[in-house]
Amino acid sequence: MPAPKIIKIGQNTALILASIVLSLVIAEIALRLTGIGKYSLYDRILFFTKPSLVRTEDKTVRYEPRTKIRSVAIYGDEVDYDIVYGTNNLGFIDDVDYNFDSAPGKKVVFVGDSFTAGDGGNKSWISQLRRRLDRPEISLYNLGITGAGVKQFQQLLTSVKDEAHFDEINIMVIGNDFFRTLWYPLIQDQALWFCQQANTKECVENYPPVMYIADYNDSQEELVDRAKKLYETKGSSEETKLNFLQQLRLYNLACDVYSLGKNQSSLVHFCPHLKFNQANEYDKNELYKNALASLREIKNSFPNAVVRVVHIPEKGETFSNKYSLEIGSDIKQIGLEYVPLLEICTWNRDMYHKHDAHFNDLGYHNLTECILENLF
């Protein structure tokens with residue numbers, strides 16, 4: 001090959017590489033200027049007032065019945081949300097009590113994790129749906145519990161099966177719900193862990209708390225100060241171990257987006273902040289199979305009910321307009337209806353909190369409208 005042609009190829013290659021590097025630098029600067037990627041999805045300090053989550057006599061996890069719970073999410077020195085919600089007679093987030101025997105007409109239930117519970121929203125989305133639906137002959141129930149996975153969804157439904165006799169069961173999921181193990185709340189030293197019953201000591205020693213206990217009347221300034229101290233405690237030893245690449249916001253944002261619904265145990269070497277999750281100790285393929293088995297058991301336990309899986313879009317998935325965990329074919333093979341909300345409704349970043357992964361009020365309004373239009 002003639003020397004001038006080799007030189008030309010070399011120049012073009014260098015130009016392409018320079019353009020890529022410049023694009024990455026611009027993206028990193030943009031992230032820092034806009035605040036996107038300033039904190040990882042897992043950098044949150046979450047405060048809950050006590051009592052909040054409790055283990056009931058039937059071994060399900062619910063909220064403390066008939067109480068006001070304050071939840072504050074803090075990232076660095078920023079309060080992302082500060083909300084108060086009430087629980088009903090059965091320990092679920094709703095402004096009406098659940099009396100299954102006296103409920104008229106058709107019974108429709110929504111079961112899921114924090115998105116279903118309404119974390120991050122100032123108003124109960126199930127109450128908004130009830131008002132928008134305006135059909136007294138249909139009774140709506142919300143069995144959402146923060147941090148719950150598919151197996152716990154099954155437990156919650158089973159716990160009310162004999163009284164409820166649901167006509168429709170909407171299993172509201174995000175990708176990570178399929179990889180969550182059974183857990184029970186453990187409070188120690190003003191912090192709360194999600195621990196497996198068999199290894200509570202190992203849980204406390206090896207994993208950070210999921211949330212911290214706060215007083216209902218604590219000011220935001222007091223909680224931000226406390227959060228800063230907690231950040232210093234949990235982050236000082238790890239921060240020095242991060243290499244240059246791991247300190248880039250673009251890199252960590254890519255880790256967060258890619259990790260949604262993925263086997264994180266294969267990622268923690270490259271993305272150290274993903275070490276928070278106890279589920280990383282398990283075979284993710286096995287956890288996924290177990291979750292599908294739980295869905296089959298729900299279907300078999302409620303043979304007369306319409307059972308559907310409603311796939312909620314996570315914030316990172318709205319960037320690519322694609323689910324990070326494709327579950328549709330597996331759900332249909334079980335014989336359940338599959339409703340991919342990402343594909344049938346419009347979503348954007350403005351519907352989520354600035355740092356937190358949950359919906360804000362606009363997002364929960366969109367969820368309400370999307371369900372209203374497609375499920376009723």
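All residue numbers in this chain count up from 1 along the given sequence.
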Closest heavy-atom pair and its distance - [X], [Y]:
X	Y	answer
Ser301	Lys161	O-CE, 3.2 Å
Phe376	Ile371	CD1-O, 3.7 Å
Val309	Ile327	CG1-CD1, 4.3 Å
Phe194	Leu192	CE2-CD2, 3.4 Å
Ser71	Tyr81	OG-CE1, 3.6 Å
Pro51	Thr67	O-CG2, 4.3 Å

Handout entry: With Asn170, the side chain to side chain contact (heavy atoms under 4.5 Å, CB included) member among Val339, Val108, Val109, Thr116
Key =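 For Asn170, the side chain to side chain contact (heavy atoms under 4.5 Å, CB included) test succeeds with only one of Val339, Val108, Val109, Thr116, which is Val108.
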Problem - Option from Val173, Ile171, Leu375, Asn374 for which side chain to side chain contact (heavy atoms under 4.5 Å, CB included) with Val310 holds - result: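 The single option meeting the side chain to side chain contact (heavy atoms under 4.5 Å, CB included) with Val310 is Leu375.
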Output yes when a side-chain donor or acceptor of [X] lies under 3.5 Å from a complementary backbone atom of [Y], and no otherwise.
X	Y	result
Asp80	His355	yes
Asp225	Glu222	no
Ser114	Gly147	no
Tyr323	His311	yes
Lys315	Asp356	yes
Arg55	Arg62	no

With hydrophobic residues grouped by side-chain heavy-atom distances under 4.5 Å, do [X] and [Y] end up in a single group?
X	Y	result
Leu182	Leu157	no
Leu362	Leu341	yes
Leu367	Ile344	yes
Leu342	Leu372	yes
Ile69	Ile83	yes

Exercise for the section: Decide if atom CG of Asn300 counts as having more than 12 heavy atoms of other residues, nucleotides or ligands within a radius under 6.0 Å. Expected result: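 Enclosed.
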Practice task
Verify the neighbour count for atom CZ of Arg132: are there more than 12 heavy atoms of other residues, nucleotides or ligands below 6.0 Å?
Solution key: no
Problem - Derivation of the side chain to side chain contact (heavy atoms under 4.5 Å, CB included) call for Lys228 and Asp77 - result: CA-CA 7 Å; Lys228 288 179 180 177; Asp77 58 356; 3.7 Å; yes
Handout entry: Where at least one partner belongs to residues 101-124, residue pairs that pass ring-ring contact (aromatic ring centres under 6.0 Å, His included), sequence neighbours excluded
Key = Phe110-Trp125, Phe115-His358, Phe115-Phe359
Exercise for the section: Give the intermediate values and the outcome of side chain to side chain contact (heavy atoms under 4.5 Å, CB included) for residues Leu325 and Tyr288. Expected result: CA-CA 11 Å; Leu325 181 69; Tyr288 184 72; 4.2 Å; yes
Under 4.0 Å between a Lys/Arg side-chain N and an Asp/Glu carboxylate O for [X] and [Y]?
X	Y	result
Arg66	Asp97	yes
Asp113	Arg180	yes
Arg308	Glu168	yes

For the atom pair [atom1] ([X]) and [atom2] ([Y]), what is the distance rounded to the nearest 0.5 Å?
X	Y	atom1	atom2	value
Asn176	Lys284	CG	NZ	7.0 Å
Tyr216	Phe48	OH	CZ	13.0 Å
Thr146	Leu46	OG1	CG	7.0 Å
Asn142	Met172	CG	CE	8.5 Å
Ile145	Gln152	CD1	CD	9.0 Å
Lys151	Asn290	NZ	CG	8.5 Å

Problem - Distance under 6.0 Å and angle within 45° of ring axis: Lys332 vs Tyr338 - result: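 No cation-pi geometry.
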Exercise for the section: Test Phe92 against Ile126 for side chain to side chain contact (heavy atoms under 4.5 Å, CB included), laying out the working first. Expected result: CA-CA 11 Å; Phe92 297 110; Ile126 198 73; over 6 Å; no
Practice task
May I ask you to check whether Glu317 and Ser324 show a side-chain donor-acceptor distance below 3.5 Å?
Solution key: yes
Handout entry: Flag for Ser124-Asp95: side-chain donor and acceptor within less than 3.5 Å
Key = no
Practice task
Begin from the C-alpha positions of Arg70 and Asp218 and carry the test side chain to side chain contact (heavy atoms under 4.5 Å, CB included) through to its verdict.
Solution key: CA-CA 10 Å; Arg70 182 184 176 198; Asp218 283 345; 4.2 Å; yes
Less than 4.5 Å apart, side chain to side chain, heavy atoms only: is that true for [X] and [Y]?
X	Y	value
Thr200	Tyr184	no
Cys195	Trp183	no
Asn88	Val96	no
Gln220	Asp82	yes
Leu143	Leu90	no
Tyr364	Lys123	no
Glu314	Tyr352	no
Trp193	Val210	no

Exercise for the section: Run the ring-centre check on Tyr141 versus Phe100 and record whether the distance is less than 6.0 Å. Expected result: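 Ring centres of Phe100 and Tyr141 closer than 6.0 Å.
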Handout entry: salt bridge (charged side-chain N to carboxylate O under 4.0 Å, His left out) evaluation trace for Asp94 with Arg130
Key = CA-CA 11 Å; Asp94 204 341; Arg130 195 177 286 121; 2.7 Å; yes
Practice task
Over 60° means perpendicular and under 30° means parallel, so classify the ring planes of Tyr212 and Phe47, tilted if in between.
Solution key: tilted
